[in-house]
Amino acid sequence: MEISKRAIITVLGNDRVGIIYGISGVLAQNNVNILDISQTILQEFFTMVMVVDVSQSLAEFAQLKEQLALKGKEMGLQVNIQHEDIFRYMHRI
Amino acid sequence: MPFNISNEEILETWRMVEVEKLDIRTITMGINILDCRTDDADKTGRAIYDKICLWARDLVKVGEGIERDFGIPIINKRISVTPIAMLVDGFTKEQIIRVGQCLDQAAREVGVNFLGGFTALVHKGYTRGAWELIQAIPETLAATQHVCSSVNVGTTKAGINMDAVYDMGQIIKKTAALTADKDGLGCAKLVVFCNAVNDNPFMAGAFHGPGEPESVLNIGISGPGVVSNVVKNNPDCELGELANRIKNTAFKITRSGELVGRVASSRLGVPFGIVDLSLAPTPAVGDSVAEILEAMGLEQVGTHGTTAALALLNDAVKKGGAMASSYVGGLSGAFIPVSEDAGMIAAAEAGALTLDKLEAMTCVCSVGLDMIAVPGDTPAETLSAIIADEAAIGMINRKTTAVRIIPAPGKKVGDYVEFGGLLGRAPIMPVNPNHSTLFIKRKGRIPAPLQALNN
């Protein structure tokens, strides 16, 4: 079973200057292309959702996940990356 | 393909995992080991060890990879094997204990926390191998860490083997005695079944039954916290509507299990078996089935109305889950292990939840009296009688029932057993003081009920 080349990055926490800059820096370094980006205040959280293409990523998925989490920690945010299939499976028939 | 998942949906998944503790409880790899039988017990043990290590070498690694890729925790990676009783005919009890130790070494080698299949299916009677295996259970569970054992004493089609029911009372007592320094921990790894299923991914009762392929992956989902939140967020809606909302949630939970199963199966090159639709609790706060029932409006689980609430809950979980997975199987019932569910522990402590009520709950959908600690001086015949009652419920209702009971050595009502980790802690619950000895000592076989005659 082929898993999707696309992944979802979720960023949660308090809004501040430089969130997109910080996260997209990590992505650029790893040759991960941003396909879509949106941010909202949802359920009292600042929420940013990015759809990215990880097929050309220079880093393994696990390393990318680690780097993003680390960058998030620096900025006091929770940053996670997941392959999109989990969302498609859960929310679409 | 365009991306059309909304932020709300993404956040919902995030909340399920991060806040409501959604996880995949287990991916369990079933492995056929019938081909490992040789004329020598130690060679057989070695062959079993080698086969498990070969087939399951990547199980933990693949599981961890899937956790990372999809951001959903997989708590346990486990193995089930062919019932050992099927390949130890002619071996002595001591030899079978050594085979059990090989299983333990294999589990340690591949990094799984439990391995099920030290099992005998004796619902109609004993083979020599099954008899010897059952005699070997107490020492094996005392001498090993990871091995789980189960014995099937009845089915709807065969009736109940009351010889085995009698013997299992004695075996449970002996197992407790041999692990007395750990509150009778051995008994937490021993399940007595009626209508045991061949593809159960959950411990301690998992085994790779007859009719299963060479190897297979079975998935156990979880998610009491997610369902509990749905119920809490709908405090006023009528029960039909509540059932509907639980169904929707169960669908989503099960879909995550289905995805994990399919990906794991493809990465390991092993066929996907089933998703087991059971809401498995853990001792962690917020991961409790009791909490769901209480959120429905019961002051404390165990009070009047508990059985009805549980019936509604489990039926809704099954209906949602059945739509979400192509292959549903295993136990697919409610687990209410007393020591592994914070709400159940609290209710048992308060005296709101009794053995009798737990038994009633097994009539509708619970899969048995699970992780129940009783006084250490409970007679073996009383344990047998408890097993007989559960087996009768299973036999008549064409469902799986099980007993995992711990007569904790030296403990009495008011004391606690502490197992730690997933196995949790439990207050000692009182049993009925009246003896059942003469009934149990009759032994023999309870005939298959009319329900069996359906051809």
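Heavy atoms only: backbone and side chains are in, while hydrogens, waters and symmetry mates are out.
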Would you compute the distance between atom CG of B:Asp69 and atom CD of A:Gln82 and round it to the nearest 0.5 angstrom?
10.5 Å
A quick test of your reading: do over 12 heavy atoms of other residues, nucleotides or ligands sit less than 6.0 Å from CD of A:Gln78?
yes
Would the number of heavy atoms belonging to other residues, nucleotides or ligands and lying under 6.0 Å from NZ of B:Lys232 be above 12?
yes
A quick test of your reading: do over 12 heavy atoms of other residues, nucleotides or ligands sit less than 6.0 Å from CG of A:Leu58?
yes
Heavy atoms under 4.5 Å from chain B: which residues of residues 15-30 of chain A carry them?
none
Mark yes or no for whether A:Lys65, through its side chain, and B:Arg68, through its backbone, hold a donor-acceptor pair below 3.5 Å.
yes
Mind running side-chain contact (heavy atoms from CB on, under 4.5 Å) on A:Met90 and B:Glu12 for me, showing each step along the way?
CA-CA 10 Å; A:Met90 263 198 181; B:Glu12 185 185 352; over 6 Å; no
Under a 4.5 Å heavy-atom cut-off, does chain B meet the side chain of A:Leu35, its backbone, both or neither?
neither
Donor-acceptor side-chain pairing of A:Thr47 and B:Asn7 below 3.5 angstrom:
no
Would the number of heavy atoms belonging to other residues, nucleotides or ligands and lying under 6.0 Å from CD of B:Glu214 be above 12?
yes
About how many Å separate CG of A:Leu12 and CD of B:Glu18, when rounded to the nearest 0.5 Å?
8.5 Å
Hey, is CG on A:Asn14 packed in by over 12 heavy atoms from elsewhere, all under 6.0 Å?
no
Contact class of B:Leu22 relative to chain A, heavy atoms under 4.5 angstrom:
side chain
What part of A:Tyr89 gets within 4.5 angstrom of chain B, counting heavy atoms only: side chain, backbone, both, or neither?
both
Which value, rounded to the nearest 0.5 Å, describes the distance between B:Phe70 atom CZ and A:Glu84 atom CD?
10.0 Å
Region of B:Met16 that comes under 4.5 Å of a non-hydrogen atom in chain A:
side chain
Can you tell me if CE on B:Met323 sees more than 12 non-hydrogen neighbours from other groups inside 6.0 Å?
no
Any chance you could measure A:Ile86, atom CD1, to B:Arg255, atom CZ, to the nearest 0.5 Å?
10.0 Å
One should read off an interatomic distance between A:Ile8 CD1 and B:Thr13 OG1, to the nearest 0.5 angstrom, of 10.0 Å
State the CE-CD1 distance between A:Met50 and B:Ile10, to the nearest 0.5 angstrom.
12.5 Å
